[in-house]
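A quick write-up on the structure given underneath.
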2 protein chains.
Amino acid sequence: MSKGLVSLAINDRPGVSEATRLRVLEVADRLGWRPSLPARTLSTSRTYALGLVLRRDLRIVAADPFYPAFMAGIETVLTDEGRVLVLSVVGSAEAEERAYRTFAADRRVDGAFLNDLRHDDHRVDLLRELGIPAVLVGRPDGPAPFPSVVLDDAPGVTAAVHHLVDLGHRAIAHVGGDPALLHARHRRRAFEDAVAARGLVPTAVVDTDFSMAQGASATAALLAGRTRPTAIVYANDPMAIAGLGVLQEAGTQVPDAMSVVGFDGTEMARHTHPPLTTVRSDPQEWGAAAARTLLALTTSGSAASVELPPAQLVVARSTGPAPGPTD
Amino acid sequence: MSKGLVSLAINDRPGVSEATRLRVLEVADRLGWRPSLPARTLSTSRTYALGLVLRRDLRIVAADPFYPAFMAGIETVLTDEGRVLVLSVVGSAEAEERAYRTFAADRRVDGAFLNDLRHDDHRVDLLRELGIPAVLVGRPDGPAPFPSVVLDDAPGVTAAVHHLVDLGHRAIAHVGGDPALLHARHRRRAFEDAVAARGLVPTAVVDTDFSMAQGASATAALLAGRTRPTAIVYANDPMAIAGLGVLQEAGTQVPDAMSVVGFDGTEMARHTHPPLTTVRSDPQEWGAAAARTLLALTTSGSAASVELPPAQLVVARSTGPAPGPTD
DNA sequence: CTGAAAGCGCTTACAG
DNA sequence: CTGAAAGCGCTTACAG
């Protein structure tokens with residue numbers, strides 16, 4: 001039983017009789033022997049690791065339940081495949097680029113997840129150039145050399161606007177996210193299109209950085225504005241919750257005087273007062289699907305893009321009939 | 001310029017003249033050459049990676065801003081040291097043990113963080129046995145073979161109780177966390193001791209799993225109980241926020257009819273209505289300190305335990321004078 | 001179907 | 001202070 005034979009048997013390569021393979025596996029198991037990963041990596045240059053770089057302001061990451069759920073979804077598939085997740089949390093675009101370059105130089109990972117897509121996202125070229133296979137988490141705004149895993153935000157936002165208009169609202173505002181991020185643009189665009197489809201004009205559309213602080217100040221600004229909306233659609237739940245706080249501090253009843261819609265469908269949204277009407281996506285399944293796709297890409301060299309079920313409106317008690325004279 | 005020489009120069013080993021070392025580094029830099037990590041790992045068995053296994057119910061992880069901040073803190077020190085974080089998110093004790101065993105078998109990491117300490121935590125023995133150096137994040141309840149990095153919860157909880165008693169509260173309840181976790185026990189113990197120190201008896205102490213759902217139901221139970229508290233101290237901010245929701249749904253004014261105290265000092269606590277009195281700790285600094293300690297341990301073989309500044313009470317508007325006839 | 005050999009790219013004694 | 005050699009533990013053609 002030579003080294004080479006064992007290797008062939010362990011790696012399910014042809015050229016080993018089934019009987020021998022079983023014997024090898026049995027002996028390895030009995031001895032508790034496992035091939036050394038560093039040695040294997042040195043000769044095959046496969047690391048059995050996938051990389052995720054998070055670039056976000058800490059204040060935002062900390063309040064946003066997306067990433068923990070997304071990562072948990074990734075793990076559900078990696079664990080079974082003997083893979084591991086290498087995580088990097090960075091605070092700037094420069095640090096993010098350094099992180100990817102280090103991944104490449106150190107051969108840390110077989111592939112990477114690319115989250116929070118941007119317009120003309122130069123990280124796509126960077127990863128291609130570095131030779132790191134990637135999966136795009138979200139819909140890119142142009143042709144891309146990598147497969148994408150998409151969960152469409154638009155239908156949920158559209159449904160939210162129709163829900164509000166059906167309740168009699170005519171003055172609806174949007175507190176959007178960071179316009180540098182494509183998904184924030186998608187939500188904003190879906191909002192604007194849906195409002196227009198009902199023959200209305202948005203009362204206001206405010207960009208933010210997705211933080212609760214900016215969600216709060218945007219809400220305060222809307223309350224102080226010349227034309228005050230009767231409903232606000234927020235680009236994420238944390239901002240909607242901060243908005244709820246501002247409204248209640250100002251004595252504005254929700255939903256009697258103001259309807260509020262969040263986005264994410266977080267646990268938190270179920271426990272506010274009143275519980276939040278929100279648009280639910282499934283970040284855990286998103287993570288799992290992204291991991292499956294990236295795994296396929298790194299092992300077979302190619303993988304098809306995936307379209308997940310779109311985000312859905314979940315109506316709770318933060319939305320109600322428009323106040324004042326309705327027709 | 002032989003391979004060996006280059007290696008000595010790159011690794012700052014003695015036996016190379018300063019002039020040659022500089023020349024080697026200059027040439028490496030010009031050629032963009034970096035030593036191959038897998039090869040280096042194979043000969044030195046150092047991976048330059050640190051491991052973190054998260055075992056928590058997803059519902060809790062997602063609502064809890066501790067981990068994102070803690071991990072960001074870790075990253076601030078790892079990045080500069082050319083290290084990387086390997087993350088595993090698991091749902092059960094068995095999966096957690098498997099994760100550590102895989103870390104060891106695959107030589108994935110040089111050391112690991114041990115969070116969410118438990119009574120007689122058998123992971124400590126497991127890691128010792130597997131030969132994985134670790135740092136304990138929190139105060140262990142007994143002698144341990146690893147250094148710990150402690151941020152004491154008690155002073156903040158104690159201050160919260162005194163604050164409430166000073167406001168005239170005599171009926172104070174505690175919605176605790178998961179009693180399997182030492183930090184939940186510490187918070188509970190600090191609560192009970194502080195109440196006793198003021199000559200009072202807790203109106204109630206309820207254990208939970210730290211989830212918003214159980215925070216909400218514990219609050220509902222307290223409202224329905226025979227002796228109703230005038231103040232509730234929660235073991236984390238998410239539960240306090242869920243409690244706020246339940247109280248407001250029930251028409252109980254905060255703080256007029258009920259004072260509420262959270263724990264964590266999250267961003268979220270600043271944006272509720274009313275803003276939450278809470279106990280602030282610094283999870284990011286905690287992560288950074290834990291990373292520094294683990295780095296020292298893995299490189300030098302030993303590291304001293306660290307005691308960080310304790311958690312502090314931050315008074316906001318969810319606490320006020322006790323309702324009814326005060327003396 | 002099996003065994004002996006080279007190679008992955010470093011580090012580390014060991015001579016010179 | 002420098003160069004040649006062995007070794008880390010696998011995988012992979014290449015002969016037998």
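Since the structure is predicted, the reported quantities are computational estimates derived from the model, not experimental observations.
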Atom CG of B:Leu37 and atom P of D:dG9 are separated, to the nearest Å, by 17 Å
Sequence neighbours excluded, the answer for side-chain contact (heavy atoms from CB on, under 4.5 Å) partners of B:Val124 is B:Leu114, B:Asp121, B:Leu136, B:Pro145, B:Phe146
### Message
Just to be sure I understand the rule, does A:Arg34 reach a base, reach only the sugar-phosphate, or reach nothing, if contact means heavy atoms closer than 4.0 Å?
### Response
sugar-phosphate
Practice item. Please say whether the positively charged group of A:Arg101, taken as NZ for Lys or CZ for Arg, lies over the ring of A:Phe103, i.e. under 6.0 angstrom from the six-membered ring centre and within 45 degrees of the axis. Key: no
Ion pair A:Glu307/A:Arg139, N-O distance below 4.0 Å
yes
> Is a side-chain donor or acceptor of B:Arg55 paired with a backbone partner of B:Val90 at a separation under 3.5 angstrom?
Replying inline: no
Numerically ordered, the residues 38-50 of chain B set in heavy-atom contact under 4.0 Å with DNA chain D is B:Leu42, B:Ser43
Symbol by symbol from the 5' end, with Watson-Crick or G-U pairs under 3.5 Å, [ ] crossing and | another strand, DNA chain C is |||.||||||||.|||
When rounded to whole Å, the CZ to C1' distance for the pair A:Arg107 and C:dC8 reads 10 Å
Minimal heavy-atom distance between A:Leu37 and A:Tyr48, with the atoms involved, is CD1-CD1, 3.7 Å
- [ ] Might you work through the salt bridge (charged side-chain N to carboxylate O under 4.0 Å, His left out) test for A:Arg292 and A:Glu285, ending with a clear yes or no?
- [x] CA-CA 10 Å; A:Arg292 280 190 293 267; A:Glu285 176 49 32; 2.8 Å; yes
Shortest non-hydrogen pair, B:Ala290 vs B:Val137, comes out as CB-CG2, 4.2 Å
Residues A:Thr293 and A:Val135: closest non-hydrogen pair is CG2-CG2, 3.9 Å
